[in-house]
Amino acid sequence: MAVDAAKAACVDVRTRELRTTEPFVVEALAEASRAYDLVLLESAGISRPLVEAVLFASGRPLILYPSAPFGGRMDHVAIAWDGSRAAARAAHDASFFLERASKVCLLSVIDEKPVKFETGDYLVENLLKSGVMAELTRIRARGKPAGEVLQTKAFELRADLLVMGGFGHSRLREFVLGGATQAVLTNISLPILLSH
């Protein structure tokens, strides 16, 4: 279906079949992903180890789609912005979408952790200079998980894509996802570009 839809839209899409067995599926997908610009996965039925492998081991951005049907142009992009290295990397990795969007909104949760607002203002300024219509919106979590609040606000703003830095750290040799990343992966309501 994806190949047929791509041909109808005059988009070059190639597919590749990976042949491997458990427990090597996760590693094989992460390794194969390194050769491409972007990884697309539907969130339904995807295991957390698979998402973590692509996010942390592929070196490529990942777009997770909700299981609900999605179609159309990604015209309004929301960026989860906390001034971190991961947020900056994600914004850069989403530049293809940002340059083509009619509107970009940086979303900063201001009551979860200290956020350097200046960096958000600087990014908006640079986007505006590049011809991208951008604005900064500050929101309060009020005790709710930041990932949930970010998704809810992006959905309220009718964003077509939420861009987030995928944060994780190693604890006893296993990845433990950061709070916002974990909350988003639990319940996806719109396409989310994750980058690490």
Side-chain angles (χ1 to χ4, degrees), residues 2 13-67 70 74 77-98 106-109 112-116 119-120 123 141 144-151 154 159-196:
V13 170
R14 286 167 265 153
T15 61
R16 177 160 286 127
E17 183 177 336
L18 297 176
R19 293 180 183 253
T20 188
T21 58
E22 289 291 347
F24 306 109
V25 173
V26 169
E27 185 178 312
L29 182 59
E31 185 176 312
S33 298
R34 293 178 191 141
Y36 300 97
D37 297 327
L38 185 65
V39 179
L40 306 172
L41 294 174
E42 183 181 338
S43 62
I46 296 292
S47 70
R48 181 174 158 171
L50 191 64
V51 171
E52 287 182 359
V54 171
L55 180 59
F56 295 113
S58 73
R60 295 292 184 243
L62 160 69
I63 294 185
L64 282 176
Y65 284 90
S67 54
F70 174 81
M74 291 187 176
V77 178
I79 301 172
W81 186 260
D82 62 2
S84 68
R85 179 211 127 340
R89 175 84 254 160
H92 179 269
D93 285 346
S95 61
F96 175 86
F97 299 101
L98 301 181
L106 271 68
L107 302 176
S108 287
V109 177
E112 186 199 34
K113 64 181 180 179
V115 175
K116 294 190 177 190
T119 60
L123 181 56
K144 293 181 182 175
E148 179 184 317
V149 172
L150 290 163
Q151 259 195 115
D160 302 306
L161 177 69
L162 175 61
V163 175
M164 290 184 66
F167 176 74
H169 56 275
S170 180
R171 183 182 295 158
L172 300 176
R173 292 188 173 178
E174 70 177 341
F175 275 110
V176 178
L177 294 173
T181 308
Q182 178 59 45
V184 164
L185 293 180
T186 305
N187 185 21
I188 293 176
S189 59
L190 73 159
I192 299 176
L193 185 148
L194 291 163
S195 177
H196 176 72

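By convention here, the first residue in the shown sequence is residue 1. On a predicted model such as this, the values are computed, not experimentally measured, just so you know.
The backbone N or O of Gly165 lies less than 3.5 Å from no partner atom in the side chain of Arg89, so there is not a single donor-acceptor pair. In this structure, the side chain of Ser195 does not engage the main chain of Asp93 through any donor-acceptor pair within 3.5 Å. Ser58 contributes no side-chain N or O that, together with a main-chain N or O of Leu55, makes up a donor-acceptor pair within less than 3.5 Å.
Summarising the geometry, atom CG belonging to Leu41 is positioned 12.5 Å from atom CD1 belonging to Ile192; distances are rounded to the nearest 0.5 Å. Taking CZ of Arg60 as the reference point, atom NE2 of His196 lies at 14.0 Å (rounded to 0.5 Å). With rounding to the nearest 0.5 angstrom, the CD1 atom of Ile79 is 12.0 Å from the CG atom of Leu150. Taking CG of Leu194 as the reference point, atom CG of Leu64 lies at 5.5 Å (rounded to 0.5 Å). For the atom pair CG (Leu62) and CZ (Phe56), the distance works out to 10.5 Å, reported to the nearest 0.5 Å. With values rounded to the nearest 0.5 angstrom, Gln151 atom CD is found 11.5 Å from Leu107 atom CG.
When every heavy atom of Val149 is checked against every heavy atom of Ala141, the shortest pair comes out as CG2-CA, 3.8 Å. Closest non-hydrogen pair, Ala87 versus Gly83, comes out as CB-N, 4.5 Å. Residues Ala91 and Val163 share a closest heavy-atom pair of N-CG1, 4.1 Å.
Side-chain atoms of Leu190 and Leu161, non-hydrogen and from C-beta on, never get closer than 4.5 Å to each other. Between Leu106 and Leu123, some side-chain heavy-atom pair lies under the 4.5 Å cut-off. With contacts defined as side-chain heavy-atom distances shorter than 4.5 Å, the pair Leu40/Tyr65 qualifies. Side chains of Leu162 and Met164 form a contact here, defined as non-hydrogen atoms less than 4.5 Å apart.
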Would you sort out whether Ile63 and Phe97 count as a side chain to side chain contact (heavy atoms under 4.5 Å, CB included), showing the intermediate values? CA-CA 12 Å; Ile63 294 185; Phe97 299 101; 3.7 Å; yes
Side chain to side chain contact (heavy atoms under 4.5 Å, CB included) between Thr119 and Trp81, intermediate numbers included: CA-CA 9 Å; Thr119 60; Trp81 186 260; 3.1 Å; yes
